[in-house]
Amino acid sequence: MNFDLSHEKLFTYLLILCSIIISFGGVVRTHKTTYRACAVGRLNMAAAAAVVFRRNLFPLKLGQKACALHSSCALRDADPLPQASFFPPNDATMLPPGSFSDKVAFVTGGGTGLGRAMTQGLSQLGATCVIASRKLEVLQKTAEEITAQTGNKVFPVACDVRDPAAVAQCLDQMEKLTGLPDVVINNAAGNFVSPSEKLSPNGWKTIVDIVLNGTAFVTLELGKRLIRQDKGASFLAITTIYAESGSGFVVPSASAKAGVEALYKSLAAEWGRYGLRFNIIQPGPIRTKGAFSRLDPTGAFEKSMIGRIPVGRLGTPNEIKNLALYMSSHYATWMSGAVVRLDGGEYVSMAGEFNDLRKVSKQQWDLIEAMIRQTKGS
Ligand SMILES: CCCCCCCCCCC/C=C\C=C\C(=O)SCCNC(=O)CCNC(=O)[C@H](O)C(C)(C)COP(=O)(O)OP(=O)(O)OC[C@H]1O[C@@H](n2cnc3c(N)ncnc32)[C@H](O)[C@@H]1OP(=O)(O)O
Ligand SMILES: NC(=O)C1=CN([C@@H]2O[C@H](COP(=O)(O)OP(=O)(O)OC[C@H]3O[C@@H](n4cnc5c(N)ncnc54)[C@H](OP(=O)(O)O)[C@@H]3O)[C@@H](O)[C@H]2O)C=CC1
């Protein structure tokens with residue numbers, strides 16, 4: 001019998017064996033690294049398998065604990081690159097205090113992640129906020145926390161943006177609570193990575209319904225009401241850098257976000273005459289539980305993702321907050337139909353044909369240059 005087991009395969013099998021032991025609650029030492037299963041119960045096996053998967057793609061640092069796939073564990077935090085020290089995030093709120101006094105802001109998906117950060121910023125600068133999404137308890141907790149911090153009211157309203165009747169009801173409720181908004185941020189989204197050949201019709205529909213139809217229902221219903229009341233407003237949509245390029249493995253999201261951009265650019269042209277502005281932010285990767293748990297659940301890709309960001313680090317929710325506040329404010333009244341990318345340079349870094357030459361060392365460059373200079377004629 002021919003046992004063709006390379007070191008790599010043997011190591012993988014060993015790790016799978018370890019993961020099975022881990023899944024029964026054990027602690028395993030391999031290569032001086034202690035892996036302790038962070039999950040209990042049914043998720044144990046999945047977590048341990050994720051560690052094996054990740055270890056084989058990108059080695060864990062010594063002593064780093066495996067924490068994949070379990071909600072009780074903090075999300076892994078891959079190191080920034082050295083150049084990130086030139087570009088520290090400035091999380092302070094940028095606009096002057098009171099920039100949104102007497103304004104009402106409506107933020108979809110305002111209970112978590114980037115939506116929460118933008119709501120916090122608007123509230124801090126004086127806005128009365130209404131936040132809407134499916135999970136009322138999450139919204140309530142965020143609303144209480146922000147109001148306690150800023151002293152300004154944040155109203156939670158349950159709403160599934162996929163349902164136009166629910167959207168209309170939510171806006172009725174807002175009108176009673178605060179009147180129509182001056183600032184609208186369409187931030188709610190759904191996403192997951194999946195090979196497209198595994199997508200069911202309902203998988204496709206779910207993402208397109210949340211992202212494109214949800215944004216359209218909110219925007220069109222609010223727009224009609226604002227037009228009827230002759231009230232101006234700023235609309236902002238949060239899309240993504242791959243809305244422009246497209247991307248494999250998140251095809252429903254890429255298609256829907258591209259649709260949102262077309263919707264916003266079109267309405268910028270059509271509804272300016274009613275006092276309505278429409279702009280778009282395309283964020284690069286920012287660690288939020290919502291995004292990373294669905295787009296990189298094993299944590300295997302975070303390091304390589306940071307590696308392709310010229311600024312050498314992920315963005316922060318507060319960086320998106322500051323841009324969103326500016327674009328929604330009275331400092332930006334001449335801005336409409338704009339698409340602003342905020343991604344540490346990731347988009348251009350992935351696009352440039354020769355950008356991988358960053359990996360070439362000084363000595364290799366000397367050699368390459370000498371070879372090129374030796375070439376005569378064509
Ligand atoms: C080189 C790799 C680099 C990795 C980088 C990682 C980090 C990158 C950061 C950059 C991010 C860029 C853009 C981000 C865009 C975002 O939008 S992030 C925000 C993500 N947040 C959310 O998604 C929050 C809300 N999401 C949800 O509620 C759910 O996830 C869901 C599925 C969207 C909706 O929930 P629900 O309505 O309950 O739907 P379900 O009934 O569960 O499912 C509906 C159908 O979808 C199918 N499905 C669900 N999950 C999957 C999956 N993982 N794979 C395949 N199919 C899936 C499900 O089976 C249902 O279909 P069927 O009825 O046919 O079974
Ligand atoms: N984080 C990142 O790296 C990036 C994020 N983005 C975009 O930023 C935005 C915020 O994402 P992020 O904060 O990371 O992720 P989150 O998952 O935290 O935010 C998504 C929000 O959408 C809400 N939501 C989902 N489905 C619905 C629905 N059917 N009706 C109403 N609300 C819904 C969720 O609340 P609930 O579950 O209560 O409904 C949640 O608050 C999204 O538009 C995303 O596409 C873009 C590029 C990069």
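One-based numbering, in listed order, for ligands and for the atoms of each. This structure is a prediction, so every number in the text was calculated from the model and none was measured.
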(request) Just need the protein heavy atom nearest to atom 17 (O) of ligand 2, so name the residue and atom and give the distance. (result) G290 CA, 3.2 Å
(request) Do me a favour and list the nearest non-hydrogen protein atom to atom 13 (O) of ligand 2 with residue, atom name and distance? (result) L114 N, 2.9 Å
(message) For D209, which part has a heavy atom under 4.0 Å from ligand 2: side chain, backbone, both, or neither?
(response) neither
(request) Would you mind listing which atoms of ligand 1 come within a distance below 4.0 Å of any non-hydrogen atom of F301? (result) 2 (C), 3 (C), 4 (C)
(request) Considering the heavy atoms of P285, write down every atom of ligand 2 situated less than 4.0 Å from one of them. (result) 3 (O)
(request) Please report which non-hydrogen protein atom sits nearest to atom 9 (C) of ligand 2, along with the residue it belongs to and the distance in Å to one decimal place. (result) N187 OD1, 3.1 Å
(request) Check each heavy atom of V211 against ligand 1 and say whether those closer than 4.0 Å belong to the side chain, the backbone, both or neither. (result) neither
(message) Just by distance, no angles: are the side chains of S349 and R358 close enough, under 3.5 Å, to form a donor-acceptor pair?
(response) yes
(request) Quick one: look up the protein heavy atom nearest atom 39 (O) of ligand 2 and list residue, atom name and how far away it is. (result) R134 NE, 2.7 Å
(message) Taking 4.0 angstrom as the limit and counting only heavy atoms of A189, give me the atoms of ligand 1 inside it, by number and element.
(response) 17 (O), 21 (N), 22 (C), 23 (O), 24 (C), 25 (C)
(message) I'd like to check which ligand 1 atoms, numbered from 1 as shown, lie under 4.0 Å from a non-hydrogen atom of G203.
(response) 45 (C), 46 (O), 47 (C), 61 (O)
(request) Looking only at protein heavy atoms, identify the closest one to atom 55 (C) of ligand 1 and say how far it is in Å. (result) F192 CE1, 3.4 Å
(request) Could you list which atoms of ligand 2 come closer than 4.0 Å to a heavy atom of G284? (result) 3 (O), 48 (C)
(request) Identify the protein heavy atom lying closest to atom 43 (O) of ligand 1, giving its residue, its atom name and the separation to 0.1 Å. (result) T206 OG1, 4.6 Å
(message) Tell me if the OH atom of Y331 is crowded by more than 12 foreign heavy atoms within 6.0 Å.
(response) yes
(message) Counting only heavy atoms, tell me which of S133, G115, A189, C170 gets closest to atom 22 (O) of ligand 2.
(response) A189
(message) Show me which atoms of ligand 2 lie under 4.0 Å from any heavy atom of I238.
(response) 7 (C), 8 (O), 9 (C), 43 (O)
(message) Nearest 0.5 angstrom please: L114 CG to N187 CG, how far?
(response) 6.0 Å
(request) Please could you name the atoms of ligand 2 that G113 approaches to less than 4.0 Å, counting only its heavy atoms? (result) 13 (O), 18 (O)
(message) Looking at ligand 2, would G190 count as a contact under a 4.0 Å heavy-atom criterion?
(response) no
(message) As an exercise, identify every atom of ligand 1 less than 4.0 angstrom from a heavy atom of R162.
(response) 37 (O)
(message) Distance under 4.0 Å to a non-hydrogen atom of R162: what atoms of ligand 2 satisfy this?
(response) 29 (N)
(request) Only heavy atoms count here, so choose which of I131, V211, T288 is nearest to atom 12 (P) of ligand 2. (result) T288
(request) Around atom 8 (C) of ligand 1, find the nearest protein heavy atom and jot down its residue, atom name and distance. (result) M305 SD, 3.8 Å
(request) Assess R134 for proximity to ligand 1: is some non-hydrogen atom of it under 4.0 Å away? (result) yes
(request) Answer with yes or no whether V138 contacts ligand 2, where contact means a heavy atom under 4.0 Å from a ligand atom. (result) no
(message) Looking at non-hydrogen atoms alone, which of N191, T298, T288, I286 comes nearest to atom 23 (O) of ligand 1?
(response) N191
(message) Within ligand 2, which atoms have a heavy atom of P283 less than 4.0 Å away?
(response) 46 (C), 47 (C), 48 (C)
(message) Among all the protein's non-hydrogen atoms, which is closest to atom 60 (C) of ligand 1, and how far away is it?
(response) N202 ND2, 3.8 Å
(request) Measure from atom 20 (C) of ligand 1 to every heavy atom in G284, A300, G290 and give the option owning the shortest one. (result) G290
(request) Pull out every atom of ligand 2 sitting under 4.0 Å from any heavy atom of K257, numbered as shown with elements. (result) 42 (C), 43 (O), 44 (C), 45 (O)
(message) Contact between E302 and D296 at the side-chain level, heavy atoms closer than 4.5 Å - yes or no?
(response) yes
(request) For the residue pair E145 and Q120, confirm or rule out a side-chain donor-acceptor distance under 3.5 Å. (result) no
(message) Please determine whether a side-chain nitrogen of the Lys or Arg among D172 and R225 lies less than 4.0 Å from a carboxylate oxygen of the Asp or Glu.
(response) yes
(request) Ignoring hydrogens, just give me the one of T112, D343, N186 whose non-hydrogen atom is nearest atom 40 (C) of ligand 2. (result) T112
(message) Quick test: of every protein heavy atom, which one is nearest to atom 30 (N) of ligand 2, and how far off is it to 0.1 Å?
(response) V161 N, 3.0 Å
(message) How long is the straight-line distance from CD of E270 back to CG of L276, given to the nearest 0.5 Å?
(response) 10.5 Å
(message) Tell me the contacting part of C159 for ligand 2: side chain, backbone, both, or neither, using a 4.0 Å heavy-atom threshold, strictly below.
(response) backbone
(message) Please list the nearest protein heavy atom to atom 18 (S) of ligand 1 with its residue and the distance rounded to 0.1 Å.
(response) A291 CB, 3.6 Å
(message) When you measure from the heavy atoms of K198 to every atom of ligand 1, does any distance fall below 4.0 Å?
(response) no
(message) Is T239 close enough to touch ligand 2? Criterion: a residue heavy atom under 4.0 Å from a ligand atom.
(response) yes
(request) Run the salt-bridge test on D79 and K303 with the 4.0 Å N-O cut-off and return the result as yes or no. (result) no
(request) For D296, take its heavy atoms, then give the atoms of ligand 1 lying under 4.0 Å from any of them. (result) 6 (C)
(request) Check each atom of ligand 2 against the heavy atoms of G109 and keep those under 4.0 Å away; list them by number with element. (result) 21 (C), 22 (O), 23 (C), 41 (O)
(request) Considering heavy atoms of the protein only, find what lies nearest to atom 33 (C) of ligand 1 and give residue, atom and distance to 0.1 Å. (result) I207 CD1, 3.6 Å
(request) Starting from atom 33 (C) of ligand 2, locate the nearest protein heavy atom and write down its residue, its atom name and how far away it is, to 0.1 Å. (result) A188 CB, 3.7 Å
(request) Mind checking whether R294 contacts ligand 1 via backbone (N, CA, C, O), side chain (CB onward), both or neither, at a 4.0 Å heavy-atom cut-off? (result) side chain
(message) Do Y264 and T215 pair up side chain to side chain, a donor and an acceptor below 3.5 Å, judged on atom types alone?
(response) no
(message) Check this for me: K231, atom NZ, are more than 12 non-hydrogen atoms of other residues, nucleotides or ligands nearer than 6.0 Å?
(response) yes
(request) Would you mind running through ligand 1 and noting each atom that sits below 4.0 Å from a heavy atom of G190? (result) 22 (C), 23 (O), 33 (C)
(message) Can you check which of T206, I286, L139, L342 brings a heavy atom nearest to atom 1 (N) of ligand 2?
(response) I286
(request) Identify, by atom number and element, the atoms of ligand 1 in contact range of S200, meaning under 4.0 Å from any of its heavy atoms. (result) 61 (O), 62 (P), 64 (O)
(message) Under a 4.0 angstrom heavy-atom cut-off, which atoms of ligand 1 come close to S194?
(response) 54 (N), 55 (C)
(request) Compute the minimum heavy-atom distance from Y242 to ligand 1 and say whether it is under 4.0 Å. (result) yes
